[in-house]
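Note sheet for the following structure.
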Amino acid sequence: MPDPTAVDSAPSGLVDVFQAERRYLGSVAYRLLGSVTDAEDVLQEAWLRWQSADRSGIADPRAYLTTVVTRLCYDQLGSARARREAYFGEWLPEPLLSTAVSPAELAEAGEAVSVAMLAVMEQLTPAERAAFVLHDVFAVGFEEIASALDRSPEATRQLASRARRRVRDGGRRSTVDPAEHRQVVTAFIDAATGGDLMTLMEVLDPEVVWHADGGGIVRAGRRPLLGALHVGRLVRKLAERSVDTHRPLVPMLVNGEPGAVWYAEPGVIGGVMAFTVADGRITSAYVMVNPEKLAHLSEA
């Protein structure tokens with residue numbers, strides 16, 4: 001969000017234009033970086049650049065600001081890759097939570113990109129990720145993307161195509177049916193609450209993969225955990241340790257899809273779960289317990 005002191009001294013029209021695009025720009029930055037905190041930093045810098053820009057030659061503010069945000073994110077992604085290669089255990093994105101209940105709210109939340117997709121996009125180079133996100137998610141033209149990345153439109157088209165293949169090949173099996181996804185996650189939460197291992201395993205794919213991110217701050221496996229039996233036992237232990245034994249997992253929309261949270265203490269979220277679902281079972285679980293990645297979440 002633009003700095004309040006800067007906003008107070010800026011012309012109202014300047015603020016209005018930026019604020020009108022802020023949600024869109026934030027969505028672009030979050031999808032490119034996988035971090036709410038870093039996306040907010042990018043928006044702050046974009047606002048400063050918009051304030052000082054010569055706007056007499058800017059015919060399309062959205063296109064201009066998209067280029068600014070893309071370049072800022074692109075610069076960050078290079079250093080971020082180096083940090084994530086040295087990260088303790090698996091790196092997962094910062095989650096977004098919602099308790100949307102109306103059809104309109106659900107549709108709006110569904111615009112969010114899934115945790116699973118963000119995790120897969122970590123395999124892409126910064127240029128591939130930018131081309132893929134801008135074109136495939138936001139329908140930005142290749143000429144505009146090429147300008148932001150300082151490449152030719154044809155080279156940018158190839159980046160997006162390559163990224164598309166890598167995302168498709170790197171993703172776990174999943175369904176696009178929201179009703180099935182919600183039903184399976186609900187069954188998982190009920191089984192985890194009930195504490196019966198056999199019931200829990202019935203909703204887990206035999207080859208389910210458990211990804212956990214504790215960042216070296218909270219205990220979490222450094223490598224993915226494989227198989228229904230191992231994952232089921234771990235989930236049962238987590239449920240037993242919850243501060244609310246009657247409701248150890250609370251249903252929540254995580255990046256627009258049915259997921260769950262649990263509380264480390266009353267009012268403090270200790271972990272967030274997101275899932276991929278296929279053929280009526282959970283195929284992957286993405287578990288964020290690094291407190292630094294949960295700090296932006298308020299009690300829902």
**Message:** Set out, in order, the CA-CA distance, both residues' side-chain angles and the distance that settles side chain to side chain contact (heavy atoms under 4.5 Å, CB included) for Phe275 and Val208, then state yes or no.
**Reply:** CA-CA 10 Å; Phe275 306 95; Val208 63; over 6 Å; no

**Message:** For Val113 and Val137: C-alpha separation, side-chain torsions, deciding distance, then whether side chain to side chain contact (heavy atoms under 4.5 Å, CB included) applies.
**Reply:** CA-CA 9 Å; Val113 65; Val137 178; 5.9 Å; no

**Request:** Under the ring-ring contact (aromatic ring centres under 6.0 Å, His included) rule, what do Phe142 and His135 come out as? Steps first, then yes or no, please.
**Result:** CA-CA 7 Å; Phe142 285 119; His135 183 264; 4.1 Å; yes

**Asked** How far apart are the C-alpha atoms of Arg166 and Glu122, what are their side-chain angles, what is the distance that settles it, and do they pass the salt bridge (Lys or Arg N to Asp or Glu O under 4.0 Å) test?
**Response** CA-CA 10 Å; Arg166 294 182 68 182; Glu122 285 298 306; over 6 Å; no

**Request:** Go through the steps to decide whether Arg281 and Glu202 satisfy the test salt bridge (Lys or Arg N to Asp or Glu O under 4.0 Å), and finish with yes or no.
**Result:** CA-CA 8 Å; Arg281 291 184 174 185; Glu202 289 177 1; over 6 Å; no

**Request:** Evaluate the criterion side chain to side chain contact (heavy atoms under 4.5 Å, CB included) for residue pair Glu257 and Val277; output intermediate values, then yes/no.
**Result:** CA-CA 11 Å; Glu257 294 184 337; Val277 171; over 6 Å; no

**Request:** Decide side chain to side chain contact (heavy atoms under 4.5 Å, CB included) for Val254 and Leu97; before the verdict, give the C-alpha distance in whole Å, the side-chain angles of both, and the deciding distance to 0.1 Å.
**Result:** CA-CA 5 Å; Val254 180; Leu97 299 184; 3.8 Å; yes

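In this structure a side-chain-to-backbone donor-acceptor pair under 3.5 Å is missing from Arg162 to Leu124. Side-chain atoms of Glu94 come within 3.5 Å of backbone N or O of Val36 as a donor-acceptor pair. A donor-acceptor pair is defined here as one N or O able to donate and one able to accept, closer than 3.5 Å; such a pair exists between the side chain of Glu180 and the backbone of Gly280. With hydrogens and angles disregarded, no donor-acceptor distance shorter than 3.5 Å links the side chain of Arg49 to the backbone of Val68. Of the possible polar contacts, none joining the Asp213 side chain to the Met288 backbone as a donor-acceptor pair under 3.5 Å is found. Remark: the backbone N or O of Leu32 is paired with a side-chain donor or acceptor of Arg129 at under 3.5 angstrom. Judged by distance alone, the side chain of Ser147 and the main-chain N or O of Glu143 form no donor-acceptor pair under 3.5 Å. Checked by atom type and distance alone, the side chain of Thr283 pairs as donor or acceptor with a backbone atom of Thr276 at under 3.5 Å. Judged purely by atom type and a 3.5 angstrom limit, Glu128 uses its side chain to pair as donor or acceptor with the backbone of Thr125.
Residues Arg55 and Leu14 are in side-chain contact: their nearest non-hydrogen atoms beyond the backbone lie under 4.5 Å apart. Within the 4.5 Å cutoff, side-chain heavy atoms of Trp47 are placed close to those of Val15. Using a 4.5 Å heavy-atom threshold, the side chains of Met201 and Val235 count as separate. Under the 4.5 Å side-chain criterion, counting only non-hydrogen atoms from C-beta, Val167 is not in contact with Asp136. Considering only heavy atoms from C-beta on, Leu118 stays 4.5 Å or farther from Tyr286 through its side chain. Leu253 is listed as a side-chain neighbour of Pro258, based on a closest heavy-atom distance under 4.5 Å. The shortest side-chain heavy-atom distance between Leu294 and Pro95 falls under the 4.5 Å cut-off. Side-chain contact between Val272 and Val115 is absent, with no heavy atoms from C-beta onward closer than 4.5 Å.
The number of heavy-atom neighbours closer than 6.0 Å to CZ of Arg164, taken from other residues, nucleotides and ligands shown, is above 12. The environment of Glu292 atom CD is sparse: at most 12 non-hydrogen atoms of other residues, nucleotides or ligands sit within 6.0 angstrom.
Using a 4.5 Å cut-off between side-chain heavy atoms of Ile, Leu, Val, Met, Phe, Trp and Tyr, with links allowed through other members, Phe138 and Met117 fall into the same hydrophobic cluster. Val231 and Leu229 are assigned to two separate hydrophobic clusters, defined by single-linkage of ILVMFWY side chains at heavy-atom distances under 4.5 Å.
Note that CG of Leu48 is 6.5 Å distant from CD of Gln51, once rounded to the nearest 0.5 Å. Between atom OG1 of residue Thr67 and atom CD1 of residue Ile58 there is a gap of 10.0 Å, rounded to the nearest 0.5 Å. Here the CZ-OG distance, from Arg157 to Ser152, works out to 10.0 Å after rounding to the nearest 0.5 Å. Residue Leu204 holds its CG atom at 11.0 Å from OG of Ser284, rounded to the nearest 0.5 Å. Here CG of Asp279 is found 8.0 Å from CG of Asp205. Values are rounded to the nearest 0.5 Å. Here the straight-line distance linking atom CE of Met252 with atom CD1 of Ile269 works out to 5.5 Å at 0.5 Å rounding.
Judged by a 6.0 Å distance limit and a 45° cone about the ring axis, Arg222 is positioned over the six-membered ring of Phe88.
Side-chain contact check for Arg165 and Ser161: at least one donor-acceptor pair (N or O, by modelled atom type) lies under 3.5 Å. Between the side chains of Tyr87 and Asn290, a donor-acceptor pair is found at a separation under 3.5 Å. For the residue pair Tyr24 / Thr66, a side-chain donor-acceptor distance below 3.5 Å is found, with atom types taken as modelled.
The nearest pair of heavy atoms linking Leu33 to Trp91 is O-CH2, 4.0 Å. Heavy atoms only, all atoms of each residue included: Ser56 and Asp54 are closest at OG-OD1, 2.7 Å. Nearest heavy atom pair, residue Gly232 against residue Leu197, reads C-CD1, 3.5 Å. Nearest heavy atom pair, residue Trp210 against residue Glu90, reads O-OE2, 4.3 Å. Smallest separation of non-hydrogen atoms from Pro153 and Ala146: N-CB, 3.6 Å. Considering all non-hydrogen atoms of both residues, Val203 and Phe188 come closest at CG2-CA, 3.8 Å.
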